[in-house]
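All heavy atoms count here, side chains included; hydrogens, waters and symmetry mates do not.
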Amino acid sequence: MTTVVGKSFNQQWRELFYGEQWHTDANTGEQVYGVPPAPPRTPLKNPFTLMRQISFQQLIFFLVGWVAWSTDAYDFFCVSLSASTLAKYWGVAASTITQSITYTLLTRSLGAVIFGVLGDLYGRKWPLFINLVLIAVLQLATGFCQSLSLFYGLRALFGVTMGGVWGLSAALALENIPKEPRGLFSGILQQGYALGYLIAAIINLFLVPAVSVGWRSLFYFGSAFSLLVAILVGICPESPLFREYKTAKDADSDTPDVRASSKAFFTELGLMLRSEYLRCIYAVLLMTFFNFMSHGSQDLFPTYLTVTKGFTSHDATVATIIGNLGAICGGTLFGYLSQSYGRRQMIILAAFVGACLIPLWILPSSFGALASGAFFLQFCVQGAWGVIPIYLSELSPPAFRAAFTGVAYQLGNMISSSAAQIEASLGEKFPIIVNGSSVPDYGKVQGILMGIIFALVIIFTLIGRAQPVVEFEKFHRAGVVDESGNLTDVALYAGVNDPVIAEAAFLKVEAGSGSAAKA
């Protein structure tokens with residue numbers, strides 16, 4: 001195989017924080033390495049016009065990825081919504097129950113690695129199918145759980161299976177969508193997370209109080225939901241990109257791509273990690289702040305309303321539903337706007353407005369005002385998140401979209417896994433007096449943490465200037481080799497001092513990023 005040294009630390013640094021890459025000099029027409037001119041802004045199109053660009057098959061792939069992500073979110077938020085009930089059932093503090101959330105988040109990274117690699121090597125369909133079946137089994141087992149220690153163990157195992165879903169779902173949903181509507185559909189895709197939370201809240205509101213098994217029904221329903229979605233994934237065909245393996249130049253022909261092998265896959269994986277480790281670290285840190293932003297504003301919120309504010313569990317669930325309606329609206333809108341006004345710009349705007357809304361989210365005493373605060377804060381939190389599926393996909397090395405996005409997301413989750421635990425423990429450590437009783441001050445703790453996290457999201461998004469690869473669907477899958485056994489996309493990982501390979505890298509990257517929206 002062709003020998004490639006890989007990108008130096010300095011080259012990676014300049015690509016990530018200065019936005020340098022190979023491009024054509026507008027005056028000389030020569031290949032130069034540096035910061036390319038900013039591409040023209042993509043006109044903002046009517047969203048219904050964008051939707052009409054989607055074929056029926058593309059819509060099916062998107063919906064399958066979307067609903068898989070929705071059931072994943074539902075299964076995760078079962079514990080958040082029932083934390084107070086579980087604490088009473090086992091006779092412990094709420095912070096003891098929220099430890100299970102920490103265990104789930106800690107183990108999700110392992111699942112992202114396992115299923116992400118399988119997804120990039122063998123395809124999206126069957127790794128996602130296995131994921132969802134295992135989730136269904138673990139949710140059912142959780143519903144039958146009789147001890148707190150077993151509950152902890154099951155939620156840790158659940159984290160492993162949950163970890164693979166997001167990367168596979170995002171890859172399956174977005175790689176089959178045309179370029180122009182991707183911002184809009186990125187926002188819709190990410191709000192599968194809010195939809196799953198919304199469904200869990202509705203089940204908790206109406207089903208749980210109405211049946212004798214109580215909180216267990218929340219997990220039983222989740223098991224059935226996950227199994228149903230697994231069946232849908234099993235019926236759906238494999239992603240076309242894995243059926244055809246087309247290159248950019250023969251994408252419109254009937255000539256199949258050249259062969260791929262497991263050995264070549266792991267060779268390319270090692271080369272990618274050697275040449276893009278700074279990009280990987282940046283993505284993980286960015287996802288850490290994003291996950292602190294979502295978990296810090298969602299996981300403890302129902303408990304905050306019942307314990308600190310004194311509302312009923314019914315009221316807390318209604319407020320959660322209202323907040324998730326805001327999340328769905330915000331994620332869809334900001335994802336749509338990012339196609340024209342830029343991915344980073346929309347993330348920064350959403351985080352800035354969200355920071356300004358923190359007082360409305362925690363200070364009021366009336367239910368109406370707090371519910372309004374939840375709506376608008378989640379509008380901004382998930383508004384920023386609505387850009388992430390497509391933004392991470394465009395930052396990913398094209399051949400490793402499932403693994404790169406999934407592992408970055410889940411490692412960020414792992415690092416931020418203590419968000420709910422931190423808020424619960426600090427709230428209990430610094431109580432306030434309400435109506436003559438001492439209660440944890442969850443509101444102040446949440447407000448301070450969210451203010452810090454919003455600031456970090458803004459700063460870290462602002463400094464990242466790596467050029468996106470917009471037409472990532474034109475690249476090979478990982479591990480594809482030519483007749484001589486050389487990796488076909490090896491040039492993507494080459495250093496600037498390797499002119500022959502760099503020339504090929506330039507041609508590939510320009511083909512994929514020349515018509516990008518502003519990054």
Rounded to the nearest 0.5 Å, how far does [atom2] of [Y] lie from [atom1] of [X]?
X: Gln190; Y: Ile390; atom1: CD; atom2: CD1; answer: 12.0 Å
X: Ile114; Y: Leu110; atom1: CD1; atom2: CG; answer: 4.0 Å
X: Met162; Y: Leu138; atom1: CE; atom2: CG; answer: 12.5 Å
X: Arg182; Y: Leu189; atom1: CZ; atom2: CG; answer: 12.5 Å
X: Cys78; Y: Phe219; atom1: SG; atom2: CZ; answer: 5.0 Å
X: Leu357; Y: Met450; atom1: CG; atom2: CE; answer: 10.5 Å

Inset, instruction - Going by the side-chain hydrogen bond (donor to acceptor under 3.5 Å, both in side chains) test, name the single residue among Arg465, Gln21, Lys7 that passes it with Glu15. - result: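 Answer after filtering Arg465, Gln21, Lys7: Lys7.
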Short question: side chain of [X], backbone of [Y] - any donor-acceptor pair under 3.5 Å?
X: Asp72; Y: Ala68; answer: no
X: Ser338; Y: Gly335; answer: yes
X: Gln382; Y: Gln191; answer: no
X: Ser8; Y: Gln11; answer: yes
X: Arg401; Y: Glu394; answer: no
X: Gln139; Y: Tyr220; answer: no
X: Thr308; Y: Leu305; answer: no
X: Gln339; Y: Gly183; answer: yes
X: Lys309; Y: Gly443; answer: no
X: Ser147; Y: Leu150; answer: yes

Legend entry - Check against side chain to side chain contact (heavy atoms under 4.5 Å, CB included), Phe129 and Val133: CA-CA 6 Å; Phe129 174 83; Val133 170; 3.9 Å; yes
[Y] and [X], any side-chain heavy atoms less than 4.5 Å apart:
X: Ile388; Y: Trp166; value: yes
X: Val117; Y: Phe266; value: yes
X: Leu462; Y: Ile348; value: yes
X: Ile347; Y: Phe334; value: no
X: Ile452; Y: Phe292; value: no
X: Leu81; Y: Tyr197; value: yes
X: Asp75; Y: Phe158; value: yes
X: Ile432; Y: Ser438; value: no

Legend entry - Test side chain to side chain contact (heavy atoms under 4.5 Å, CB included) applied to Ile358 and Phe454, step by step: CA-CA 10 Å; Ile358 290 175; Phe454 275 131; 3.9 Å; yes
For residues [X] and [Y], establish whether the separation of their ring centroids is below 6.0 Å.
X: Phe185; Y: Phe62; value: yes
X: Trp69; Y: Tyr193; value: yes
X: Phe311; Y: Phe367; value: yes
X: Tyr442; Y: Trp361; value: no
X: Trp13; Y: Phe17; value: yes
X: Phe460; Y: Tyr282; value: yes
X: Trp90; Y: Phe151; value: yes
X: Phe206; Y: His314; value: no

How close do [X] and [Y] get, counting heavy atoms only, and between which atoms?
X: Ala319; Y: Ala374; answer: O-CB, 4.2 Å
X: Ala194; Y: Asn324; answer: O-OD1, 3.3 Å
X: Phe430; Y: Asp441; answer: O-CB, 3.2 Å
X: Leu140; Y: Ser223; answer: CB-OG, 3.5 Å
X: Leu278; Y: Phe9; answer: CD1-CE1, 3.6 Å
X: Ser80; Y: Ile101; answer: OG-CD1, 3.6 Å

Inset, instruction - Would you check if there is a donor-acceptor pair between the side chains of Tyr89 and Arg216 at a distance under 3.5 Å? - result: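 Indeed, the side chains of Arg216 and Tyr89 share at least one donor-acceptor pair under 3.5 Å.
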Inset, instruction - Would you check if there is a donor-acceptor pair between the side chains of Ser226 and Thr71 at a distance under 3.5 Å? - result: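 Ser226 and Thr71 do have a side-chain donor-acceptor pair below 3.5 Å.
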Legend entry - Over 12 non-hydrogen atoms of neighbours within 6.0 angstrom of OH in Tyr18: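 Counting neighbours around OH of Tyr18, 12 or fewer heavy atoms of other residues, nucleotides or ligands fall under 6.0 Å, so no.
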Inset, instruction - Decide salt bridge (Lys or Arg N to Asp or Glu O under 4.0 Å) for Glu175 and Arg124; before the verdict, give the C-alpha distance in whole Å, the side-chain angles of both, and the deciding distance to 0.1 Å. - result: CA-CA 11 Å; Glu175 69 190 8; Arg124 317 302 190 196; 2.8 Å; yes
Inset, instruction - Using the side chain to side chain contact (heavy atoms under 4.5 Å, CB included) rule, pick out the option among Leu205, Ile202, Ile203 that qualifies with Thr317. - result: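 Single pass found, and it is Leu205.
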Legend entry - Given Asp299, Leu300, Thr303, the one that forms side chain to side chain contact (heavy atoms under 4.5 Å, CB included) with Glu423: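 Checked Asp299, Leu300, Thr303 against Glu423; only one passes side chain to side chain contact (heavy atoms under 4.5 Å, CB included): Leu300.
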Inset, instruction - Look at the rings of Phe225 and Phe221 and say which category their plane angle falls in: under 30° parallel, 30 to 60° tilted, over 60° perpendicular. - result: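 Rings of Phe225 and Phe221: tilted, as their planes differ by 30° to 60°.
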Inset, instruction - Using the six-membered ring wherever Trp is involved, compare the ring planes of Phe301 and Tyr304 and label them parallel, tilted or perpendicular (cut-offs 30° and 60°). - result: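 Ring orientation of Phe301 relative to Tyr304: tilted.
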Inset, instruction - For side chain to side chain contact (heavy atoms under 4.5 Å, CB included), just list the numbers for Asp315 and Thr312, CA-CA rounded to whole Å, side-chain angles, deciding distance to a tenth of an Å, and then say yes or no. - result: CA-CA 5 Å; Asp315 289 338; Thr312 64; 3.3 Å; yes
Inset, instruction - Determine, step by step, whether Leu195 and Trp66 satisfy the side chain to side chain contact (heavy atoms under 4.5 Å, CB included) criterion, reporting the C-alpha distance in whole Å, the side-chain angles of both residues, the deciding distance to 0.1 Å, and the verdict. - result: CA-CA 10 Å; Leu195 177 65; Trp66 178 68; 3.4 Å; yes
Inset, instruction - Please determine if Arg279 forms a cation-pi arrangement with Phe404, meaning its NZ or CZ atom is less than 6.0 Å from the six-membered ring centre and no more than 45° off the ring axis. - result: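 No, a cation-pi geometry is absent between Arg279 and Phe404.
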